[in-house]
Amino acid sequence: MKYKTKNVLSLILGLVALQAAAQSISPGHTWNDTNGSSINAHGGCVVYADGYYYWFGEQRSTNKSDGISCYRSPNLYSWTKLSRAVTPTGTQTDENRDIASGRTLERPKVIYNAKTGKWVMWIHWENGNDYGQAKVAVCTADKPEGPYKLSDVFRPNGCDSRDQTLFLDSDGQAYHIYSTNMNSNTNCERLSDDFLTPTEGYAVQLKGRRYEAAAIFKVGELYWGVFSGCTGWDPNPGRFMWTYDLMNETWQAPADFRASDGSTGINFCVDNGKNNSYQSQSNYVFPVPGRDKCFIYMGDRWNSSNIQSSKHIWLPLSVRSGYPTVRWYDSWDLSVFDEMYRMKRMKEPVDGAEVYLLEKYSNRLVSRPKASLTLENDGNSNTCFILHKTDKPYVYKIENKEMGLYMESVYETTRWQAPADRESQEWRLWLEEDGYYRIENVADGACLSVSGNTTEAGTTIYLSAANTSVHQSFGLYFDSQVHADYEEADMFSKAYRIRNREQMQEEALVVSVKNVKGDTSDAQVYEMGTGRKAERHRLSRGTYVKVRNGHARKFVVK
Ligand code: GAL
């Protein structure tokens, strides 16, 4: 009888535990492990191996560093604490080449080396008194969960290395990316074949930007970095940059954008709370295995008076817009990824195409739920538009599918009218290098534009003069479940941008030189007065230009 009761009890307990097992992620709330203790893994990363996810992080005892913890999960929601991946061991040495108790170990990053069959962890290492050493500790293990043994503690390529991360490329090459030069710059260096040391030489990137908390990921041929600014434990606006080549090219932001706080770069957060990255600092971007272009932004909501209790901010990260965006969710699960890429970027505008207009920096669609246009999430009403080609190059009429009415600029506000033969119903699509368009009215030059800094759902879209806002770029998207036949742009390839650039130059020439007699195929267009080559910047209507193909001529861009 006694035995039976025990059995029933453990069954009930088991069921309760099953029911309590997390099925979702609630950023900012206490996240308990399967033992009911809050997860003590900060500044870390997640790796996937043989059906399990492993979450590594700074284990803290209140504020003190207490090695590197490791948790395992079959589903990314419920985590079981394993033995510590790195246990402080040995005694502190004057050479500072130890991981003895009392040392500060931060931002552990783990990658697998297929050549040596070892798991390799790089950690930001400090002596425990201050942040003056700025070194890395490199450890290795035979199994993902460890135990990890110290290989060495050093300054990579002799440089100070504070916030740091690793990136393992698809070709097996690994990189170490770290804030350096007292956090002014970000260095990138290739790792040796065994991933235990950097190879000689490094690229100095993001000069003077003072970024830290780097998390690197790749889509197609593009490498992305999300970063924070440098405000210690306090959060600040998130930033992203991209490059085609981690070692040889300067990182770029989509626009040379200066925020109101003076920092440069574009924020990857797009909802209320974006000004402090939803009170978080990035630590890693995890590519969800088996789901194309689906990422999890992992951040820390640091509590500087008790780092151990800092909360975890995990949110889905999308690159649908061609750029990383992170929306806020009170609670979410992996199903948010199911329809993340249902809307796809069109290769080019086509007469009669049913399109959705996606605003560049919010990853939200233009909609007309009320009298005015607003940015809205997918699934909102009045988001589908039909493009009608006119006989003018790059000029379209834009019909709202649901209403059957045409967009018109009337006194520089959008109105919806029956189709008419009026220039105020004609819209010039000005291609940008990243495949977006500025949508400019032919009659008055007014452009679709999000004013201000807000990019939340419900934000109003106005008409305003060209280049008066960074939010004047709209991508043409299509519903792939309705139009599987439409052609998708390969927007993460290097060739995509090169082609767009070429087309922009051709457009400028077509628009500019159409009145010039003679062979203009190799004409160079210069702006009058400035002498600048026209290809380097967009010519807008009314600009006076001259063509240099032997003889200079003057004419007006129509
Ligand atoms: C931050 C850094 C954290 C931690 C902290 C200490 O800038 O991102 O990982 O080092 O400083 O103040």
Side-chain angles (χ1 to χ4, degrees), residues 39-46 55-69 86 88 96 99 102-110 121-137 153 155-156 159-167 176-187 205-206 208-216 225-241 261 263 265 267-269 275-285 297-314:
I39 294 176
N40 191 354
H42 310 281
C45 68
V46 167
W55 180 358
F56 301 91
E58 301 163 25
Q59 177 156 314
R60 297 280 182 161
S61 166
T62 314
N63 282 348
K64 272 184 35 214
S65 197
D66 194 18
I68 303 300
S69 55
V86 175
N96 288 327
I99 47 167
R103 302 306 197 184
T104 304
L105 305 179
E106 289 185 351
R107 296 190 174 266
K109 301 291 175 269
V110 175
M121 182 188 290
W122 285 50
I123 310 166
H124 172 197
W125 187 99
E126 297 290 352
N127 64 11
N129 304 321
D130 52 37
Y131 280 88
Q133 291 289 319
K135 292 182 173 172
V136 289
V153 178
R155 276 193 164 192
C159 303
D160 59 314
S161 169
R162 292 188 169 82
D163 281 7
Q164 56 105 46
T165 194
L166 296 177
F167 177 72
H176 180 231
I177 295 104
Y178 54 101
S179 300
T180 191
N181 200 1
M182 296 305 282
N183 289 342
S184 306
N185 308 329
T186 301
N187 277 1
Q205 307 278 16
L206 302 168
R209 280 186 182 261
R210 299 193 63 74
Y211 283 173
E212 60 177 16
I216 310 294
V226 301
F227 307 89
S228 75
C230 264
T231 50
W233 300 112
D234 296 331
N236 52 56
R239 295 286 178 240
F240 70 80
M241 302 285 288
D261 65 358
S263 60
N267 199 334
F268 53 85
C269 300
N275 286 341
N276 59 18
S277 314
Y278 313 124
Q279 285 181 62
S280 77
Q281 185 184 30
S282 44
N283 60 48
Y284 201 64
V285 170
Y297 163 82
M298 294 168 52
D300 300 286
R301 185 174 285 177
W302 297 115
N303 174 0
S304 58
S305 54
N306 180 355
I307 300 171
Q308 181 182 342
S309 71
S310 302
K311 302 287 192 292
H312 310 286
I313 307 294
W314 285 25

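Remember, it's 1-based here, ligands and their atoms both numbered in the order they're listed. Note that the structure is predicted; figures quoted are calculated from it, not measured.
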Sub-3.5 Å donor-acceptor pair from the side chain of [X] to the main-chain atoms of [Y], do we have one?
X: Q133; Y: E126; answer: no
X: R209; Y: T186; answer: no
X: S65; Y: L105; answer: yes
X: T180; Y: S161; answer: no
X: Q164; Y: R107; answer: yes

Please determine if [X] has a nitrogen or oxygen closer than 3.5 Å to a nitrogen or oxygen of ligand 1.
X: D163; result: yes
X: E58; result: no
X: R107; result: yes

task: Taking only heavy atoms of Q281 into account, list the atoms of ligand 1 that are under 4.0 Å away from them.
output: 8 (O)
- request: Would you mind running through ligand 1 and noting each atom that sits below 4.0 Å from a heavy atom of Y131?
  value: 6 (C), 10 (O)
- prompt: Looking at residues at least two apart in the chain, or sitting in another chain, which of them share a side-chain hydrogen bond (donor to acceptor under 3.5 Å, both in side chains) with W314?
  reply: none
- prompt: Can you say whether the rings of W302 and H42 are parallel (under 30°), tilted (30 to 60°) or perpendicular (over 60°)?
  reply: tilted
For [atom], what's the nearest protein heavy-atom neighbour? Residue, atom name and distance, please.
atom: atom 12 (O) of ligand 1; value: W233 NE1, 3.4 Å
atom: atom 10 (O) of ligand 1; value: E106 OE1, 2.6 Å
atom: atom 7 (O) of ligand 1; value: E212 OE2, 2.4 Å

- prompt: Judged by non-hydrogen atoms, does G232 sit under 4.0 Å from ligand 1?
  reply: yes
